[in-house]
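Beneath this line is the structure, given in structure tokens, with notes to follow.
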Amino acid sequence: MTTTYHIADIRNIALAGHGASGKTSLADALLFAAGAIDRRGSVDDGTSPTDAEDEERRRHFTIDCHPLHCEWAGRQVHLLDSPGYPDFIGHALEALAAVENVVLAVSATAGVEAQTRRIEQEATRLRLGGLIAITKMDADSADFLRTLDAIREAFGPRCVPFFVPIGEGRTYRGVVDVLDPPDGAECEDCPMSPADAYQMLVEQIVETDEELMALYLEGEAIEPQLLREAAHRAVATGMLVPVACVSARKEIGVRELLDLLAEISLTPEELHRFGHRGADEDEVELEPLEDGELVAQVFKTTNDLFVGKLSVLRIHSGRITHDTTLVNLRTGKSSKPGHLYRLQGKAQEEVKEAIAGDIVAVPKCEDLHISDTVTALSGGNGNGNGHAAHIALDPIHFPTPMVPRAVDPRAREDEPKIAAGLARIADEDPTFQVRRDAQTHELVISGMSELHLDVIRNRLKSRYKIDIDTHIPQVAYLETIAGEAEAHHRHKKQTGGRGQFADVQLRVRPRARGEGFSFIDATKGGVIPNQFIPAIEKGVREQLEKGVISGNPAVDVEVEVFFGSHHAVDSSEAAFKTAGAAAFRKAFAAARPVLLEPVVALEVAAPLDKFGDLAADLATRRGHITGMDTLSGQQQVIRATVPLAEVLRYGTDLKSLTAGQGSFAMEFLAHEPVPPQVQQAIVDRWARSRAGVEED
């Protein structure tokens, strides 16, 4: 069985924007208008078919990327409803990676918000065709002109209206097609004259077409169809972003938006992806062909206790049938899923075949993870040269999660199950990570925000019946020295029978950052027999791991043993190990010990008028601003270095400082010395905790 459509008939569209901008309501309205669902659901009452997860229905906002589909005007339309809050940016980015077009939802009441800007930047980087839907046109405070001005200020004059509303707020009752207004259209209630909108639109379109520009300058009338064809080309080059206006609740402007998407948006043939073939380092451009080499990429996975694992694929070239044997190019492993599904939220519709441009899900392929490229087993749809010769697509880019929390089980019997449950959740979300800190021995989860991690905790409970508590994790400090020192320790015990005796003299010196530990045996004349030297080194190394002043590992130290003595009967490896560790502690403490803390490179994006508040806040965190850039739309990026210990709660604080309009990213930079007063507080705190343990 083959498909009844071709790649040119497919439209892949991500619905994106800021939280509460109306994306999911718009998705419901589009599906209902196209006849893909029987009733239009509601986000507020939890009946939206697109918000498929219990957590989404409870919170009344989208958390995951949800594949949807409908047919309109002979087009096979794949819609990906994506979350709007920056806490769940990973699922929005996976949606963008699977499409050629993005519809940015901009509320007619709130205007352009932070997440909308971030999504637009990523869509531009990916060269996606863009369209903006001004939503909530029926809201009491809706203002079309104010919103349009904000859109053009943020994203430039390439954003032009294809429709103008008839009325707004409670009087919103229709739209006028700017390129083809009906005779006698009501214009007295239009906040913008259709004629003015027509001139704005035509001037932007003809800028991208020399022939149409000549006609325009000569005063010739240009056929609407010619303008629409040119508009499609302009969208493909990024020179035009059509603006529509809708009310999902009243279902006004929705069918017109579908018409625009069917006519103006890019086809899968018009956007080529890039990757690498085999071990070649040179980039390869992939041409999307229905009957070409099979190349598909996993952009989403789900793990359901009843359904099992579903891997959602975007097919970029070739075709898949239900009995195609798929090969994961990352691992070389093959699997035959046996079924192909189109997803409508959580509902599954089985299909026998999918072609380049399609989005389908395959079940129970445990080996597949997000960003993996799959092809067909050689001898099927492959090129017959083995999987190493196939094109592996570039991985999807996700930000590094930088909000860590340490995990504690509420029930001791759950402890062995926690890591496995969290790992399955991490498989679905590239912006969530789980690790065991080798230094602090804590199980640490990292996400984009505290809200993100709260959702993870709830999923762990609802899916696997595991309750956890979280707390701020310990910061992994390091110890080192800034000077040289010598020390002597004699270990002597006599308790009846054979005693213990070891005498060690050593000196310590600092090494350059990153050079690690060095041990030198400089003894002469056999003052310490050779067989005991390794025991001294072992004692020193064990003490390095334990630390001396704060309980954190010591690094970048040279230890030189230069003198000592032994006893013919009472000396042993154990005695010299103990003496070596004790002598090292004394020398280390006398060599100007320094505590090193992890420092991160922090990048903050926020409105320009928040610079003063952000700079003052960073100063209180011992941060140093290293640079800044001004972006379009009165936005800025501030770059700074700051100790990790000072930004463990930065996501929450930044939200408060910027009224939710700021975002940040950070990555480890280096270990740097802690200021003396901070070091003393950490050392004193460790000493008190150690004393408490000893008292217990």
Please list, one pair per line, the donor and acceptor atoms closer than 3.5 Å that link side chains of residues 236-243 to other protein atoms, with sequence neighbours excluded.
{"from": "T237", "atom 1": "OG1", "to": "R233", "atom 2": "O", "distance (Å)": "3.4"}
{"from": "T237", "atom 1": "OG1", "to": "A234", "atom 2": "O", "distance (Å)": "3.0"}

Could you go through residues 68-76 and list every donor-acceptor pair under 3.5 Å that involves a side-chain atom there, pairing it with any protein atom two or more places apart or in another chain?
{"from": "H69", "atom 1": "NE2", "to": "E349", "atom 2": "OE1", "distance (Å)": "3.4"}
{"from": "W72", "atom 1": "NE1", "to": "D259", "atom 2": "OD1", "distance (Å)": "2.7"}
{"from": "R75", "atom 1": "NE", "to": "A262", "atom 2": "O", "distance (Å)": "3.3"}

Per-pair distances, 0.1 Å, donor-acceptor, side chain in residues 216-231, under 3.5 Å, sequence neighbours excluded:
{"from": "Y216", "atom 1": "OH", "to": "E203", "atom 2": "OE2", "distance (Å)": "3.0"}
{"from": "R228", "atom 1": "NH2", "to": "D177", "atom 2": "OD1", "distance (Å)": "3.3"}
{"from": "R228", "atom 1": "NH2", "to": "D177", "atom 2": "OD2", "distance (Å)": "2.8"}

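Listed here is the closest heavy atom pair of A97 and L126: N-CD1, 4.5 Å. Between E94 and C65, the closest heavy-atom pair is OE2-CB, 3.5 Å.
Listed by chain and residue number, E100 satisfy the salt bridge (charged side-chain N to carboxylate O under 4.0 Å, His left out) test with R314 (two or more places apart in sequence, or in another chain). Shown here are the side-chain hydrogen bond (donor to acceptor under 3.5 Å, both in side chains) partners of D629, two or more places apart in sequence or in another chain: R639. In this structure E428 satisfies the salt bridge (charged side-chain N to carboxylate O under 4.0 Å, His left out) test together with R463, sequence neighbours excluded.
Considering K250, R249, R173 in turn, R249 is the only one that fulfils the side-chain hydrogen bond (donor to acceptor under 3.5 Å, both in side chains) rule with D138.
Side chain of N12 to main chain of G357: a donor-acceptor pair is present (N/O by atom type, distance under 3.5 Å, no hydrogens or angles).
Salt-bridge check for R152 with D149: failed, with every basic side-chain N at 4.0 Å or more from each acidic carboxylate O. Under 4.0 Å is where a charged nitrogen must lie from a carboxylate oxygen, and between E122 and R125 at least one such pair does.
Note on ring orientation: taking the six-membered ring where Trp is involved, the planes of F88 and F61 are tilted (angle from 30° to 60°).
The side-chain heavy atoms of V246 and I252, taken from C-beta on, include no pair separated by under 4.5 Å.
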